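A quick write-up on the structure given underneath.
Source: prediction; values computed, not measured.
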Amino acid sequence: MSLEKIRNIGIAAHIDAGKTTTTERILFFTGLNYKIGEVHHGEATMDFMKQEQERGITITSAAITTKWLDHQVNIIDTPGHVDFTIEVERSIRVLDGLIVVFCAVGGVEPQSETVWNQAERYHVPRIAFINKMDRVGADFFDCINGMIKNLGTTAVPFQLPVGSEENFKGMIDLVNMEYVCFENDKMEILPVPNEYKEEAHKYRNQLLEHLADFDDTMAEKYLGGETIEADFIKKVARAAVIKSFITPVFCGSAFTNKGVQTLLNAVVDYLPSPIDKGKVNGTDVRDPEKVVGRSPAVTEPFSALAFKIIHDPFVGQQTFIRVYSGKITSGDKILNVTKSEPERVGRILRIRAKDREEMTEVAVGDIAALIGLKYTTTGDTLSDSVHPLLFEKIFIPTSVISASIKPASKKEDEKLGFALNKLALEDPSFSVKYDDETQETIISGMGELHLEIIIDRLKEEFKVEAEIGKPRVAYKETILKEADAEKKYAKQSGGRGQYGHCLLRIEPNTGKGFEFVDQIKGGAIPREFIPAVRKGVEEACQKGEYAGFPVVDVKVILYDGSYHDVDSSEIAFKIAGSLCFKEAVRKANPTLLEPIMKIEISSPDEYLGDVMADLNRRRGKIESMRRFRKGSQKVAGKVPLREMFQYSSTLRNLSSGRANYSMEFFQYQELPRSVQEKVLAEVAERKLAEKK
């Protein structure tokens with residue numbers, strides 16, 4: 001199939017906005033499914049994991065390929081729950097276009113903003129689908145105003161709803177000026193009803209005005225009062241969407257099969273093909289300052305990005321890739337540029353959710369899974385070995401919660417380690433480490449549900465029973481002032497000794513992470529030992545001196561030292577660097593940082609006072625309130641994660657089960673000193689208990 005007729009799209013939204021339901025209808029109307037799978041029945045094609053079917057939520061992104069109007073549409077359905085935001089992140093990284101689904105009642109919700117910002121980060125064009133227009137409280141224009149206000153986008157209606165709530169019957173297509181009617185379980189194209197003509201012309205003119213701002217020919221036609229053909233409007237609108245100048249807005253009710261076909265038409269009409277996305281840039285591995293571009297052509301050297309790993313018990317490790325140029329066939333040898341390791345392509349599969357289809361080759365613009373890769377992980381660049389280039393890596397969100405884990409029996413220890421490593425390979429936002437001091441295995445993730453799903457998967461997929469400790473907040477350490485330190489590591493025990501000597505200065509580096517600056521002059525420390533000092537410092541950062549948490553946001557300047565012609569070695573300078581950094585941190589007024597979460601609570605008016613009072617008791621800061629339907633309001637603010645464990649039970653009790661909330665990571669902030677004392681006491685108590 002020609003590249004112009006390929007669409008790589010994602011479907012993303014806040015939890016419960018109807019992403020998976022929309023995807024199921026797309027698969028039904030494109031003929032891929034002959035029966036609609038309902039999320040609430042655990043039958044959704046894209047939610048094939050047992051945990052997804054039991055909970056009625058999407059946990060992992062699922063890929064599937066279908067066809068519409070002679071176009072190949074590769075779809076990735078992504079989770080809405082913030083605990084699984086890495087799935088959205090890595091999917092958006094490789095997509096050409098995105099359908100963002102909004103609930104007509106809830107409007108723009110916290111995860112809607114997160115998804116939108118992720119798409120902004122990778123410059124992915126979007127169209128919006130306002131779903132659930134048949135729900136009580138549905139408000140099409142309030143949702144659009146929320147998009148403009150909260151997302152900063154130029155949201156432009158391409159359709160107008162006809163009726164709302166239980167009277168929702170269809171929509172007016174403002175481009176073709178026709179009424180798309182859904183009654184008696186069928187779709188009909190009818191003339192615009194008389195009572196809607198004035199409103200339809202008003203919003204069509206607004207649409208044309210936006211396009212006239214973008215295109216000079218459109219401006220001439222519009223200002224000259226000429227009749228503007230639908231095909232020309234689509235052409236200009238497509239160019240505007242590809243450059244993210246506008247976000248077309250469509251509406252419907254996926255659950256009742258209204259508006260899905262017109263949404264599919266919009267995917268073909270307005271979202272970009274790989275050709276439209278154009279050249280993809282990477283860096284030359286031989287010269288990191290040099291930018292290398294690859295055009296989306298089969299004649300170009302092969303290049304691809306690995307964006308997802310799945311461990312399949314039947315076929316082994318599946319590595320999902322998006323091909324940006326060239327092609328590969330089964331048996332080809334390629335290069336993992338990130339790891340500088342050769343790989344061999346065993347098999348190529350087209351994935352249809354949980355099903356697989358064998359392919360002999362995969363070419364530019366396509367998404368497929370490779371079997372047989374040994375070294376590749378999420379975010380790695382693959383290319384042919386003769387023309388290597390390196391693509392930008394995928395952003396990995398920070399883990400905010402951790403817990404200890406141990407097997408139910410000693411004999412399953414090795415089995416647990418194998419399973420945890422497989423899960424960490426699949427999910428970069430989940431990490432595993434062993435604490436030598438406490439002799440515990442610590443797992444870290446994005447939230448309580450994230451860790452709960454991990455334990456469930458250990459049991460179901462790997463047949464490992466594990467006991468998990470009480471969840472803990474993933475605190476971090478940083479410094480508040482500048483400090484210098486000097487450390488000399490000298491050891492003599494007969495024969496060749498060890499000698500390393502360095503002087504470091506550390507400074508706060510707020511929001512910029514770890515930075516190492518080499519200011520050695522005159523060969524005070526030989527060049528070959530500088531990386532060893534850095535490695536020692538980086539290792540010391542993993543476990544801070546203050547409370548044993550990772551040290552972040554610190555700038556380390558190596559400015560002097562000395563060496564011994566015979567006794568100096570990499571290991572000696574590594575140890576000297578580590579000891580010197582630890583001493584400097586002790587002098588630099590270390591402090592603890594805690595994860596702060598963005599929270600949005602939807603509550604009926606009668607419970608609002610109790611909900612807000614409870615949030616204040618949890619050190620929460622209320623930032624805004626807005627009415628989102630009659631008798632209910634949304635409260636938005638920030639709250640420390642430490643105060644939010646088991647919050648769902650509290651909120652349920654406060655509101656008789658009628659309020660709900662969503663929460664996502666915002667940033668790390670300094671912990672108040674009074675709370676720091678409690679955390680330090682908890683750490684000391686835990687260490688004492690572990691020694692016993």
What I want to find out is whether [X] reaches [Y] closely enough, with some N-O distance under 4.0 Å, to be called a salt bridge.
X	Y	value
E440	R472	yes
R617	D614	yes
K574	E570	no

With rounding to the nearest 0.5 angstrom, report the [atom1] to [atom2] distance, [X] to [Y].
X	Y	atom1	atom2	result
I396	S431	CD1	OG	11.0 Å
E600	E664	CD	CD	9.5 Å
K491	S569	NZ	OG	11.5 Å
L420	I454	CG	CD1	8.0 Å
Q667	K638	CD	NZ	8.0 Å
D560	I520	CG	CD1	5.5 Å

If you define the side chain from C-beta out and look only at heavy atoms, does anything of [X] sit under 4.5 Å from [Y]?
X	Y	value
L423	L458	yes
L305	V280	no
M663	K598	no
K415	K463	yes
R642	V679	yes
I571	I575	yes
Y647	I599	yes
L593	E670	yes

Mark yes when over 12 heavy atoms from residues, nucleotides or ligands other than [X] sit less than 6.0 Å from its [atom1]; otherwise mark no.
X	atom1	value
K393	NZ	yes
E467	CD	yes
E120	CD	yes
K587	NZ	yes

* **Partner set under side-chain contact (heavy atoms from CB on, under 4.5 Å) for K339, not counting sequence neighbours** => N336, E341, T377, D380
Are the side chain of [X] and the backbone of [Y] linked by a donor-acceptor contact shorter than 3.5 Å?
X	Y	value
Q317	I309	no
E545	V585	no
S303	S383	no
E477	A547	yes
R322	V94	yes
T381	F391	yes
R93	E392	yes
T441	K406	no
Q676	L671	yes
R618	E643	yes

* Output all residues satisfying salt bridge (Lys or Arg N to Asp or Glu O under 4.0 Å) with E412, sequence neighbours left out; order by chain, then residue number. => none
* To do: Please step through side-chain contact (heavy atoms from CB on, under 4.5 Å) for the pair L98 and V115, ending with a clear verdict.
  => CA-CA 10 Å; L98 190 67; V115 167; 4.1 Å; yes
* Which is it for F302 and I334 under the side-chain contact (heavy atoms from CB on, under 4.5 Å) test, yes or no, and what are the steps along the way? -> CA-CA 9 Å; F302 170 73; I334 56 176; 4.0 Å; yes
Nearest non-hydrogen partners of [X] and [Y], listed with the distance:
X	Y	answer
F581	A540	CD2-CB, 3.6 Å
Y489	A576	CB-CB, 4.1 Å
G372	E343	O-OE1, 4.4 Å
A403	G469	CB-O, 3.8 Å
T319	A306	CG2-CB, 3.8 Å
Y475	P550	O-CD, 3.8 Å

* From R619, Q669, K476, residue fulfilling side-chain hydrogen bond (donor to acceptor under 3.5 Å, both in side chains) relative to E594 -> R619
* Please check if the distance between the ring centroids of F529 and Y563 is under 6.0 Å. => no
* Take D413 and K410 through the test salt bridge (Lys or Arg N to Asp or Glu O under 4.0 Å) and record every step on the way to the result. => CA-CA 5 Å; D413 203 3; K410 193 68 180 171; 3.8 Å; yes
* Distance under 6.0 Å and angle within 45° of ring axis: R121 vs F395 -> yes
* To do: Starting from the C-alpha separation in whole Å, work towards a yes-or-no answer on side-chain contact (heavy atoms from CB on, under 4.5 Å) for I328 and L370.
  => CA-CA 10 Å; I328 50 169; L370 305 184; 4.1 Å; yes
* **For V285, the option from V292, L390, L389, L335 that meets side chain to side chain contact (heavy atoms under 4.5 Å, CB included)** => L390
* Asked: Any idea how F430 and H450 line up, ring-wise: parallel (<30°), tilted (30 to 60°), or perpendicular (>60°)?
  -> perpendicular
* Asked: What's the verdict on side-chain contact (heavy atoms from CB on, under 4.5 Å) for E448 and Q646, showing C-alpha distance, side-chain angles and the deciding distance?
  -> CA-CA 9 Å; E448 290 180 274; Q646 305 300 323; 3.3 Å; yes
For residues 500-510, dump all side-chain donor-acceptor pairs below 3.5 Å to protein atoms at least two apart in sequence or in another chain.
| from | atom 1 | to | atom 2 | distance (Å) |
| --- | --- | --- | --- | --- |
| H501 | ND1 | S562 | N | 3.4 |
| H501 | ND1 | S562 | OG | 2.6 |
| H501 | NE2 | E486 | OE2 | 2.7 |
| N509 | ND2 | G513 | O | 3.1 |
| N509 | ND2 | E515 | OE1 | 3.4 |

